[in-house]
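See below for the structure under consideration.
Note that these values count all heavy atoms, side chains included, but never hydrogens, waters or copies made by symmetry.
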Amino acid sequence: MPITADCHLHSSFSGDSHTPMEEMILKGIEMGLTTMCFTEHNDFDFPYLPDDPEDMFLLNPDPYLYDLLRFREKYADKIKILFGVELGLQPSVMRPNAVLAKSYDFDFIIGSSHLCNGKDPYYPAFYEGRSEEEAYLEYFESILENIKKFSNFDVYGHLDYVVRYGPNKDRDYSYKKYKDILDKILELLIEKGKGIEINTGGVGRGLKDLHPCMGILKRYRQLGGEIITIGSDAHSPEHIAAHFERAENVLRECGFRYYTIFEKRTPEFKRL
């Protein structure tokens with residue numbers, strides 16, 4: 001497996017995972033990974049449902065870091081364990097995100113859009129009363145606004161995450177359909193020295209393509225983008241490094257010869 005670093009992983013320190021960190025690490029070692037970066041969720045001002053814990057997506061970094069350092073030392077001769085976070089970006093929470101990003105020595109920060117203007121695309125209500133195209137466009141416009149207002153992240157995660165949950169998912173979706181807004185996003189990311197990730201987590205949810213779709217990846221490369229990390233978005237062991245062979249093939253087809261790992265917020269390029 002040429003791609004041996006999974007840089008988007010969750011454990012029980014994320015509100016939507018129940019898997020102990022050590023269990024994730026042992027599976028990664030078994031699979032032959034050389035690097036695992038945990039990127040536990042933090043989403044300020046998340047619109048919880050009545051039955052959800054009110055702090056479900058609020059990370060407590062201290063016990064997370066304690067365990068990570070413990071396992072980093074325990075398995076140091078078998079695998080590299082990196083300290084990351086996935087920040088849910090919204091214009092209204094830029095200040096607390098900035099404080100959190102600066103308060104800990106993260107190796108890697110993913111900026112992600114799990115919400116769009118305070119609404120969760122996971123739920124059908126986000127799409128009601130309008131076309132799928134209008135909903136997707138609003139999501140991409142919100143990403144552009146986030147990037148304009150916040151810079152303390154390394155890559156933007158699952159750039160077209162919204163298509164996981166649309167009424168028709170990515171059946172009628174393509175880069176060309178949203179070219180104008182997507183080009184603005186990619187150009188601004190490159191201008192700010194930020195990368196994107198290939199997130200393989202959508203394949204198991206019925207998508208025909210990875211996140212982001214191949215059209216976006218090709219355009220990012222055409223525009224001069226080079227920083228690209230690979231992440232399974234696994235919340236349980238069986239999904240670690242899922243579809244990484246496909247990710248490698250897609251990268252090569254899009255013109256990439258390297259993928260990226262971040263350590264101490266510094267990119268290191270690995271040959272495919």
Side-chain angles (χ1 to χ4, degrees), residues 5-31 33-90 92-115 120 122 150 152-155 157-158 197 199 201 229-241 261-266:
D6 193 333
C7 294
H8 190 150
L9 293 164
H10 299 280
S11 73
S12 55
F13 289 104
S14 288
D16 54 357
S17 172
H18 301 288
T19 308
M21 182 182 289
E22 187 169 22
E23 190 175 329
M24 297 288 282
I25 293 169
L26 289 172
K27 181 62 174 178
I29 293 170
E30 178 188 324
M31 296 177 69
L33 293 181
T34 60
T35 303
M36 299 176 77
C37 185
F38 287 89
T39 51
E40 308 293 3
H41 284 298
N42 192 89
D43 274 85
F44 291 112
D45 287 356
F46 198 88
Y48 298 111
L49 296 177
D51 292 336
D52 291 336
E54 291 185 1
D55 60 350
M56 182 174 175
F57 291 119
L58 292 179
L59 178 64
N60 186 341
D62 292 323
Y64 163 39
L65 179 57
Y66 176 83
D67 268 11
L68 185 139
L69 293 177
R70 194 160 56 90
F71 295 133
R72 175 185 286 176
E73 182 177 357
K74 182 176 180 179
Y75 298 107
D77 61 336
K78 294 181 174 66
I79 196 166
K80 180 181 287 187
I81 305 297
L82 298 176
F83 177 45
V85 65
E86 184 179 11
L87 295 179
L89 301 186
Q90 300 184 77
S92 61
V93 298
M94 296 305 177
R95 185 175 296 276
N97 271 336
V99 170
L100 177 58
K102 291 179 180 178
S103 297
Y104 292 84
D105 292 327
F106 292 109
D107 287 302
F108 181 46
I109 297 179
I110 300 175
S112 291
S113 291
H114 299 120
L115 301 171
D120 190 344
Y122 178 84
F150 189 78
N152 200 350
F153 63 93
D154 302 306
V155 305
H158 41 54
E197 76 160 350
N199 184 301
T229 61
I230 317 297
S232 66
D233 209 349
H235 290 62
S236 55
E238 66 270 20
H239 296 129
I240 294 171
I261 299 170
F262 279 81
E263 187 170 359
K264 297 180 180 178
R265 307 293 304 280
T266 301

Compute the ring centroids of His114 and His41, then answer whether they are less than 6.0 Å apart. yes

For Asp62, side chain to side chain contact (heavy atoms under 4.5 Å, CB included) partners two or more places apart: Asn60, Tyr104

Set of ring pair (Phe, Tyr, Trp, His ring centres under 6.0 Å) partners for Phe153, sequence neighbours left out: Tyr156

In chain order, what residues pass the side chain to side chain contact (heavy atoms under 4.5 Å, CB included) check against Asp120, with sequence neighbours excluded? Phe46, Leu115, Tyr122, Tyr123

Side chain to side chain donor-acceptor pair (under 3.5 Å) with Gln90: which residues, sequence neighbours excluded? none

If you compare all heavy atoms of Cys7 against all heavy atoms of Thr229, which two are closest, and at what distance to 0.1 Å? CB-CB, 4.4 Å

Taking only residues two or more places apart in sequence, or in another chain, which ones meet Leu69 in a side chain to side chain contact (heavy atoms under 4.5 Å, CB included)? Leu65, Arg72

Verify the distance criterion only: is there a donor paired with an acceptor across the side chains of Glu197 and His158 at less than 3.5 Å? no

Ring pair (Phe, Tyr, Trp, His ring centres under 6.0 Å) involving His239 - partner list, sequence neighbours excluded: none

Indicate whether the side chain of His235 and that of Asp16 have a donor and an acceptor atom separated by less than 3.5 Å. yes

Asp6: what forms a salt bridge (charged side-chain N to carboxylate O under 4.0 Å, His left out) with it, not counting sequence neighbours? none

Set of residues satisfying ring pair (Phe, Tyr, Trp, His ring centres under 6.0 Å) with respect to Phe71, sequence neighbours excluded: none

Set of side chain to side chain contact (heavy atoms under 4.5 Å, CB included) partners for Thr34, sequence neighbours left out: Thr4

Residues Asp154 and Arg265 bridged, charged N to O under 4.0 Å: yes

Could I get the full list of salt bridge (charged side-chain N to carboxylate O under 4.0 Å, His left out) partners for Lys80, not counting sequence neighbours? Glu263

Check: residues 20-28 side-chain donor-acceptor pairs under 3.5 Å, at least two apart:
from, atom 1, to, atom 2, distance (Å)
Glu22, OE2, Lys74, NZ, 2.7
Glu22, OE2, Tyr75, OH, 2.4
Lys27, NZ, Glu30, OE2, 3.4

The criterion is salt bridge (charged side-chain N to carboxylate O under 4.0 Å, His left out); which residues satisfy it with Asp43, sequence neighbours excluded? none

Report yes or no: does Thr35 contribute a side-chain atom to a donor-acceptor pair with the main-chain N or O of Ile261 at less than 3.5 Å? no

